[in-house]
Amino acid sequence: GKTLPYAGLVYDLNENWSTYASYTKTFSPQEESNFIGQRLVPTEGDSKEIGVKSSWFEERLNTSFAVFSARHDNLAEYGGFNINTGRSYYTGQDYDTYGYEAEVAGEIVPGLEATIGYTDLEIENADGHDARNYIPTEMFRSALSYRLPQMEAVKVGASVDWQDTIRTDNTLVKQDSYVLVDAFVSYDFNKHLKASVNVNNITDEKYLNSLNWDQAYYGAPRNVMASLTWKY
């Protein structure tokens, strides 16, 4: 067994604004093995966050801003290939992560809902150098949906996501920043039955969505998905 302490505090500044802070220890078992085949010990660390939130127009519009930091000790990182065992091996590395994120979400006007968020983070190794460069350090997310007032059964929406450049830690492979655009339309036949059509990656952006372990995976090209959903 493992006991993890957690503490959190929320303070209401007034009817619209509140501030909060939290702290927790972290613990996570790992499946990876080292060079001689021994399983790595669990990664441990801690996480801290402080931020402010606000709520407006009877909670129809909400905003938040947070600053965070986290430490991970002995986190599994790809070390290479052991020709004697025919298996990849991993080493435990220490990392510090810190950054901030902001989000605005709510119903702008009746029927029109939107979410906009931005995250900026940095990851450093024990020597203070940038690490895990295959993880984006800047991300922008946005989504918009609108229920047509003339036809309330119809709902349309779109999302735009952006991330900055990522690369392998050995810098041999790089994926430039890219934008993904999705859209959907849905129709509610009644309170139980709904049909929807989603168009993903409208611009048919060609991109690599993972550069972990010196491997690369292409993201899905433009695709269309139709679905029929029944809810009891």
Side-chain angles (χ1 to χ4, degrees), residues 31 53 59-66 68 70 78 97 99-123 130 132-169 171-232:
E31 298 180 352
K53 294 184 178 182
E59 299 186 356
R60 292 196 303 272
L61 179 64
N62 300 283
T63 68
S64 65
F65 178 83
F68 58 85
Y78 179 73
T97 303
Y100 66 89
E101 58 185 356
E103 183 179 79
V104 179
E107 189 175 22
I108 302 174
V109 297
L112 180 61
E113 298 180 348
T115 300
I116 299 175
Y118 176 78
T119 302
D120 185 291
L121 62 87
E122 299 292 336
I123 303 176
D130 290 340
R132 299 173 73 86
N133 295 298
Y134 50 84
I135 298 176
T137 58
E138 291 183 84
M139 292 164 285
F140 173 82
R141 302 285 184 263
S142 65
L144 188 73
S145 66
Y146 183 58
R147 189 170 293 278
L148 303 183
Q150 306 87 346
M151 300 177 60
E152 292 190 357
V154 178
K155 189 175 185 180
V156 297
S159 65
V160 178
D161 297 338
W162 171 88
Q163 73 169 50
D164 70 335
T165 300
I166 58 176
R167 55 177 58 84
T168 55
D169 282 336
T171 70
L172 292 178
V173 181
K174 182 180 74 169
Q175 165 63 61
D176 293 331
S177 61
Y178 61 88
V179 176
L180 295 180
V181 182
D182 303 332
F184 78 90
V185 58
S186 67
Y187 182 83
D188 296 331
F189 293 98
N190 51 50
K191 65 178 182 180
H192 300 293
L193 185 62
K194 180 177 76 172
S196 61
V197 176
N198 294 70
V199 183
N200 303 311
N201 193 2
I202 294 176
T203 61
D204 201 23
E205 179 76 15
K206 187 176 182 180
Y207 65 98
L208 300 171
N209 61 11
S210 174
L211 293 178
N212 200 357
W213 303 304
D214 291 337
Q215 299 179 25
Y217 301 92
Y218 280 112
R222 183 191 299 117
N223 61 91
V224 180
M225 180 178 66
S227 62
L228 195 62
T229 306
W230 173 272
K231 290 185 178 180
Y232 291 98

Show which side-chain atoms of residues 109-122 pair as donor or acceptor with protein atoms under 3.5 Å away, not counting sequence neighbours.
| from | atom 1 | to | atom 2 | distance (Å) |
| --- | --- | --- | --- | --- |
| Tyr118 | OH | Asp120 | OD2 | 3.4 |
| Tyr118 | OH | Glu138 | OE1 | 2.5 |

Please list every donor-acceptor pair under 3.5 Å in which a side-chain atom of residues 151-159 meets a protein atom from a residue at least two apart or in another chain.
none

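- One N or O on the side chain of Thr168 and one on the backbone of Val173 form a donor-acceptor pair closer than 3.5 Å.
- For the ring-ring contact (aromatic ring centres under 6.0 Å, His included) test, no residue two or more places apart in sequence or in another chain qualifies with Tyr146.
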Inset, instruction - Please test Tyr187 against Lys194 for side-chain contact (heavy atoms from CB on, under 4.5 Å), starting from the C-alpha separation and ending with a verdict. - result: CA-CA 6 Å; Tyr187 182 83; Lys194 180 177 76 172; over 6 Å; no

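- Atoms OH and CD, from Tyr218 and Glu205 in turn, are 12.0 Å apart once rounded to the nearest 0.5 Å.
- The nearest pair of heavy atoms linking Asp161 to Ser142 is OD1-N, 3.7 Å.
- Between Asn62 and Val104 there is no side-chain heavy-atom pair separated by less than 4.5 Å.
- Atoms OG1 and CG, from Thr203 and Asp182 in turn, are 9.0 Å apart once rounded to the nearest 0.5 Å.
- Heavy atoms only, all atoms of each residue included: Phe184 and Asn198 are closest at CB-ND2, 3.6 Å.
- In this structure, CD on Glu101 lies 11.5 Å from CZ on Arg141, to the nearest 0.5 angstrom.
- Atom CD1 of residue Ile166 and atom CG of residue Asp176 lie 10.0 Å apart, to the nearest 0.5 angstrom.
- A donor-acceptor pair shorter than 3.5 Å can be found between the side chains of Asp164 and Thr137.
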Distance-only criterion, 3.5 Å: show the donor-acceptor pairs between side-chain atoms of residues 223-232 and protein atoms not counting sequence neighbours.
| from | atom 1 | to | atom 2 | distance (Å) |
| --- | --- | --- | --- | --- |
| Asn223 | OD1 | Asn200 | ND2 | 3.0 |
| Asn223 | ND2 | Pro221 | O | 2.8 |
| Ser227 | OG | Ser196 | OG | 2.8 |

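- Salt bridge annotation for Arg147-Asp188: present, with a cationic side-chain nitrogen under 4.0 angstrom from a carboxylate oxygen.
- Every residue two or more places apart in sequence or in another chain that forms a side-chain contact (heavy atoms from CB on, under 4.5 Å) with Arg222 is listed here: Asp204.
- The line from OH of Tyr178 to CG of Asn209 is 6.0 Å long, rounded to the nearest 0.5 Å.
- Looking only at distances, no side-chain donor or acceptor of Arg167 sits under 3.5 Å from a matching main-chain atom of Leu172.
- For Lys53 and Phe65, the positive end is not near the middle of the six-membered ring at less than 6.0 Å and at most 45° from its axis.
- With sequence neighbours excluded, no residue forms a ring-ring contact (aromatic ring centres under 6.0 Å, His included) with Phe68.
- A donor-acceptor pair under 3.5 Å links the side-chain atoms of Asn201 to the main chain of Ala220, judged by distance alone.
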Inset, instruction - Kindly determine whether Val181 and Val199 satisfy side-chain contact (heavy atoms from CB on, under 4.5 Å), including the steps that lead there. - result: CA-CA 9 Å; Val181 182; Val199 183; over 6 Å; no

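- Between the side chain of Glu103 and the main chain of Ser64, no donor-acceptor pair closer than 3.5 Å is present.
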